[in-house]
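In what follows, a structure is listed as structure tokens, so that the remarks can point back to it.
Along the sequence shown, the residues carry numbers beginning at 1.
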Amino acid sequence: MKIAVCEDKEKEQDLLCELIKTAMARRDVDAELEVFGTAGELLKAAKKTFFSMLFLDILLPGLSGMDAALKLRREGNYSPVVFTTNTKEYMAQSYSVWAVDYLLKPLEQESVDEAFSRALKVLEGTEKYLEIMVSRHIERIPYSDIYYMKGNNRNCLIYTRTGTYNPYESVQGILKKLTDSRFLNSHRSYIINLDHVIAVQRGKAAMRDDVLLPIRRGETGLVRRAWEDRRFEVVGRSE
């Protein structure tokens, strides 16, 4: 497996490569890193070499990392892309090229480890996506990015790690698509992602983004058991 790293600053190149190598070693992954200073160099190499995973800085001289990812997608390359940058400005746009993660500098081992794991899941075909229609185009949101959904029979808001989406569907319509144990219809107006619940209190679910969401009257115990079962399921898969 070959991994492309596109970063124009030498010190940041070296740091990112070391962080990726550590992530590889922790998961017993054997891969070769190939480093590029510009998006143009990467695209030229990609015509002859298939990269299974790409770590792209967005703010590059000449062609941006975002533009490079878009060009690769148009050419039929759907390898997982991880963006690295020092601004949140392009975070929403990263979904348009189906990026698996968006890392803000200065980079740390924990964030690179998580991004590498997400990319591996995509390669293994285990990462799931929710497809929704927003502003006349289709968005693909990784299940793991979704915190919760709120709405009724007429509209829906999807709260995610990178922002909020308002698709042309109802909450119940979205629920029919979500055949996954992490999602629970905890209240008439809410669907929660159990992976982002940090505590279940009396009548409330405390979410990772510092929001308290309502639970149906009398169903706190059911939600707590579902949350605990999900945690055991995830732990069991990682052992």
Side-chain angles (χ1 to χ4, degrees), residues 1-21 23 31-108 111-112 114-123 125 127 129-142 144-146 158 160-167:
M1 180 169 75
K2 289 195 174 184
I3 299 175
V5 174
C6 195
E7 167 62 63
D8 61 315
K9 297 179 178 62
E10 187 174 346
K11 287 186 178 180
E12 295 188 5
Q13 277 183 5
D14 294 341
L15 172 61
L16 179 54
C17 287
E18 287 305 312
L19 296 175
I20 294 172
K21 288 176 181 177
E32 177 184 344
L33 299 185
E34 194 163 341
V35 182
F36 303 94
T38 68
E41 294 173 358
L42 167 62
L43 293 174
K44 183 178 179 180
K47 292 184 181 297
K48 298 181 179 180
T49 303
F50 177 74
F51 296 104
S52 300
M53 194 181 299
L54 302 103
F55 285 77
L56 305 180
D57 185 16
I58 291 181
L59 303 177
L60 294 166
L63 195 69
S64 73
M66 187 69 70
D67 289 335
L70 179 59
K71 186 172 179 60
L72 287 169
R73 293 299 190 239
R74 286 175 174 171
E75 292 175 352
N77 183 316
Y78 292 96
S79 296
V81 169
V82 176
F83 285 119
T84 64
T85 187
N86 53 18
T87 175
K88 294 182 179 180
E89 181 180 353
Y90 305 96
M91 187 174 286
Q93 190 180 349
S94 69
Y95 276 120
S96 67
V97 294
W98 303 346
V100 298
D101 217 330
Y102 189 102
L103 306 183
L104 290 175
K105 299 176 180 179
L107 301 178
E108 298 180 353
S111 61
V112 173
E114 183 175 346
F116 190 78
S117 292
R118 291 164 70 95
L120 283 180
K121 286 181 179 180
V122 172
L123 291 177
E127 180 66 289
Y129 292 84
L130 172 64
E131 289 194 355
I132 56 174
M133 182 69 73
V134 180
S135 300
R136 298 184 180 179
H137 69 276
I138 294 176
E139 294 279 0
R140 297 176 77 239
I141 308 174
S144 54
D145 276 3
I146 299 170
I158 302 176
T160 77
R161 186 174 59 88
T162 56
T164 305
Y165 294 85
N166 184 197

Locate the shortest heavy-atom distance separating [X] from [Y]; write the atom from each residue and the value.
{"X": "G65", "Y": "L60", "answer": "N-CD1, 3.8 Å"}
{"X": "V97", "Y": "R73", "answer": "O-NE, 2.9 Å"}
{"X": "A119", "Y": "P80", "answer": "O-CG, 3.6 Å"}
{"X": "R118", "Y": "S144", "answer": "NH1-OG, 3.2 Å"}
{"X": "Y102", "Y": "T87", "answer": "OH-O, 2.6 Å"}
{"X": "V134", "Y": "I132", "answer": "CG2-CD1, 3.6 Å"}

Do the side chain of [X] and the main chain of [Y] share a donor and acceptor less than 3.5 angstrom apart?
{"X": "Y90", "Y": "L59", "value": "no"}
{"X": "S111", "Y": "L103", "value": "no"}
{"X": "R140", "Y": "Y129", "value": "no"}

[Y] and [X], any side-chain heavy atoms less than 4.5 Å apart:
{"X": "M53", "Y": "L120", "value": "yes"}
{"X": "L16", "Y": "D57", "value": "no"}
{"X": "C6", "Y": "L54", "value": "no"}

Rounded at 0.5 Å granularity, tell me how far [atom1] in [X] sits from [atom2] in [Y].
{"X": "W98", "Y": "L70", "atom1": "CH2", "atom2": "CG", "result": "11.5 Å"}
{"X": "E32", "Y": "M1", "atom1": "CD", "atom2": "CE", "result": "11.0 Å"}
{"X": "S79", "Y": "L123", "atom1": "OG", "atom2": "CG", "result": "7.0 Å"}
{"X": "L19", "Y": "T84", "atom1": "CG", "atom2": "OG1", "result": "10.5 Å"}
{"X": "D101", "Y": "S117", "atom1": "CG", "atom2": "OG", "result": "10.0 Å"}
{"X": "K121", "Y": "F116", "atom1": "NZ", "atom2": "CZ", "result": "13.0 Å"}

Taking ring pair (Phe, Tyr, Trp, His ring centres under 6.0 Å) as the test, write out the residues that go with F50, two or more places apart. none
Evaluation steps, side-chain contact (heavy atoms from CB on, under 4.5 Å), between I158 and L130: CA-CA 11 Å; I158 302 176; L130 172 64; 3.9 Å; yes
Once side chain to side chain donor-acceptor pair (under 3.5 Å) is applied, what residue pairs with a partner in residues 2-13 remain, sequence neighbours excluded? E7-K105, E12-K105
May I have the list of side-chain donor-acceptor pairs in residues 33-47 shorter than 3.5 Å, sequence neighbours left out?
{"unit_1": "T38", "atom_1": "OG1", "unit_2": "E41", "atom_2": "N", "d": "3.1"}
{"unit_1": "E41", "atom_1": "OE1", "unit_2": "G37", "atom_2": "N", "d": "3.0"}

